Number of protein chains: 2
Amino acid sequence: MSRPSPYRAVKAHVLARIRSGEWPPGTLVPREEDLAETFGCARMTVHRALRELADEGVVERRRRAGTRVALPTTRTAPVEIPRVDREVEAMGASYRYLRLARATEPASPSAAARLGVPEGTEVLRVECLHHANDSPFQLEERWISLDVVPAAREESFADVAPNVWLLERLPWSDVEHVIGATNATRKVAGHLGIEPGEAVLEVERRTWLERRVITYVRFLHPGRFYRLRTAGRPG
Amino acid sequence: MSRPSPYRAVKAHVLARIRSGEWPPGTLVPREEDLAETFGCARMTVHRALRELADEGVVERRRRAGTRVALPTTRTAPVEIPRVDREVEAMGASYRYLRLARATEPASPSAAARLGVPEGTEVLRVECLHHANDSPFQLEERWISLDVVPAAREESFADVAPNVWLLERLPWSDVEHVIGATNATRKVAGHLGIEPGEAVLEVERRTWLERRVITYVRFLHPGRFYRLRTAGRPG
DNA sequence: GAGTGGTCTAGACCACTTT
DNA sequence: AAGTGGTCTAGACCACTCA
């Protein structure tokens with residue numbers, strides 16, 4: 001262990017009491033001023049420790065009412081949705097990208113709804129496949145709003161994956177994910193090298209730049225092989 | 001809008017530059033001291049703003065090297081895994097819990113591995129079903145380590161869901177989730193009221209208390225109806 | 001060695017909520 | 001009205017990392 005800085009010491013102290021069960025949910029944590037005196041440090045130092053614990057959902061703070069240990073039921077764990085190419089490489093496998101289709105076309109009702117544009121607006125649709133060690137790992141179907149990203153009209157996406165291309169050019173302000181499970185259609189099964197009807201993990205993502213949808217994308221993964229993983233702590 | 005506090009103003013200023021594209025990834029953000037002068041505030045105030053942006057993954061900071069706009073590719077979005085009963089109620093549906101089975105039994109090899117106990121150790125297995133408006137919403141199979149939670153031996157779980165019971169009694173220090181898709185077996189399909197072979201969303205969760213696994217649980221949701229959802233921002 | 005961020009202090013005043 | 005957290009200041013010194 002290294003010497004913990006004072007604010008870390010305060011955090012650790014409070015967390016240890018909570019985890020040991022000594023301070024069950026609802027317990028009133030000592031006032032900042034008292035903790036500062038206990039630890040022989042400034043109130044700002046204690047404040048930072050408690051503020052971070054509050055940000056992490058470990059405690060709840062209200063002026064006048066003080067700081068209380070939060071009910072663990074209100075806490076949720078973050079799940080990370082990784083970028084496929086990096087994930088493949090992290091597994092020590094070789095990554096390969098293959099474009100299946102690219103077309104500018106009038107937005108279908110569902111695509112228009114998801115991109116937030118009028119039906120029939122010209123949008124770019126790209127379909128591609130990501131491989132790990134030459135076996136299909138992710139099937140991607142993507143719509144890009146040409147209003148927001150006009151430069152995409154000139155890009156073939158034959159060699160560069162759309163997510164890489166987009167991320168290098170555009171910042172984003174909001175993102176939404178929807179995760180579900182579905183049965184592989186014959187077409188999907190053919191691309192992923194599985195049997196029709198096999199379960200596939202479906203991740204849909206919409207990305208915004210200041211209220212306008214940049215892109216809507218649907219990823220399909222073979223359910224037998226692919227998992228989303230995460231680890232988290234309450235604090 | 002209300003008057004933002006100075007540190008929020010600094011955060012907003014930096015975020016706006018990044019989102020507008022004026023500061024693309026890799027751009028060097030002004031030094032704390034310079035920003036403090038620009039905003040006419042103390043360096044600590046700027047520091048807090050930049051520290052929060054760094055915690056959120058928007059910028060990367062290194063001593064001597066300064067603060068740089070992070071590559072958006074390194075950012076990930078959090079997904080919240082909600083508690084089922086609350087989720088059902090949030091949809092305006094009525095929630096119902098049904099215990100299917102409860103038994104203390106020697107840990108099978110796979111259960112032992114997941115709980116981190118020797119094979120054959122006595123563990124508690126609970127199987128139950130969660131309903132929304134009387135239709136099955138989630139099938140749950142759970143193993144509880146009796147070494148860590150001896151009190152569970154006396155609880156029937158006939159009326160109280162294990163997660164609620166556990167959360168009211170025990171704090172936790174770590175959690176891991178694995179999300180995948182699988183095909184419903186005949187038994188699973190029967191419980192969930194779907195056809196065998198239909199895609200189901202599978203969420204596995206392990207919860208630790210200081211290096212010891214409290215419980216391992218596997219949730220199965222009908223893929224046709226259930227989705228995990230999230231929304232996030234880069235900062 | 002020099003320049004950046006990381007942390008801390010010992011105050012101060014403000015904002016909010018409960019009494 | 002009083003008590004709590006929320007924020008800020010104007011310094012200070014330390015830790016790390018690059019040149």
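Numbered from 1 within each chain, the chains take letters A, B, ... in sequence-line order. In this text the structure is predicted, and so the values were computed from the model without any measurement.
Atoms CG (A:Leu28) and C1' (D:dG5) sit 12 Å apart, rounded to a whole Å. As a whole-Å value, the separation of B:Glu60 CD from C:dT4 P is 18 Å. In this structure, CG of A:Leu35 is placed 13 Å from C1' of D:dT4, rounded to the nearest angstrom. Atom-to-atom, CD of B:Glu33 to P of D:dA12 comes out at 12 Å; the value is rounded to the nearest Å. Computed from coordinates, the A:Glu52 CD to D:dG5 P distance equals 17 Å when rounded to whole Å. Atom CD of B:Glu37 is separated from atom P of C:dT4 by 14 Å (rounded to the nearest Å).
Classification of the B:His130-B:Tyr97 ring pair by plane angle, with boundaries at 30° and 60°, yields tilted.
Within 6.0 Å of the CD atom in B:Glu33, the count of heavy atoms belonging to other residues, nucleotides or ligands does not exceed 12. Counted within 6.0 Å of CZ on A:Arg8, heavy atoms from surrounding residues, nucleotides or ligands total 12 or fewer; the atom is thus considered open.
Checking the phosphate oxygens (OP1, OP2) of D:dG5, a side-chain nitrogen or oxygen of A:Thr67 falls inside 4.0 Å. Distances shorter than 4.0 Å separate none of the side-chain N or O atoms of A:Arg64 from OP1 or OP2 on C:dC16.
Applying the ring pair (Phe, Tyr, Trp, His ring centres under 6.0 Å) test to every pair with at least one member in residues 8-60 of chain B, sequence neighbours left out, gives these pairs: B:His13-B:Phe39.
Partners of A:Arg64 under the salt bridge (charged side-chain N to carboxylate O under 4.0 Å, His left out) rule, at least two apart in sequence or in another chain, do not exist in this structure.
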Under 3.5 Å, which N/O atoms of the protein pair with N/O atoms of nucleotides 6-10 of chain C?
from	atom 1	to	atom 2	distance (Å)
C:dG6	OP2	B:Arg61	NH1	2.7
C:dG6	O4'	B:Arg63	NH2	3.4
C:dG6	O6	B:Arg43	NH2	2.5
C:dT7	OP1	A:Arg8	NH2	3.4
C:dT7	OP2	A:Arg48	NH1	3.0
C:dT7	OP2	A:Arg48	NH2	3.1
C:dT7	O4	B:Arg43	NH2	3.2
C:dC8	OP1	A:Pro6	N	2.6
C:dC8	OP1	A:Tyr7	N	3.0
C:dT9	OP2	A:Ala42	N	2.7
C:dT9	OP2	A:Thr45	OG1	2.5

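Judged by the 6.0 Å and 45° rule, A:Arg48 forms a cation-pi pair with A:Tyr7.
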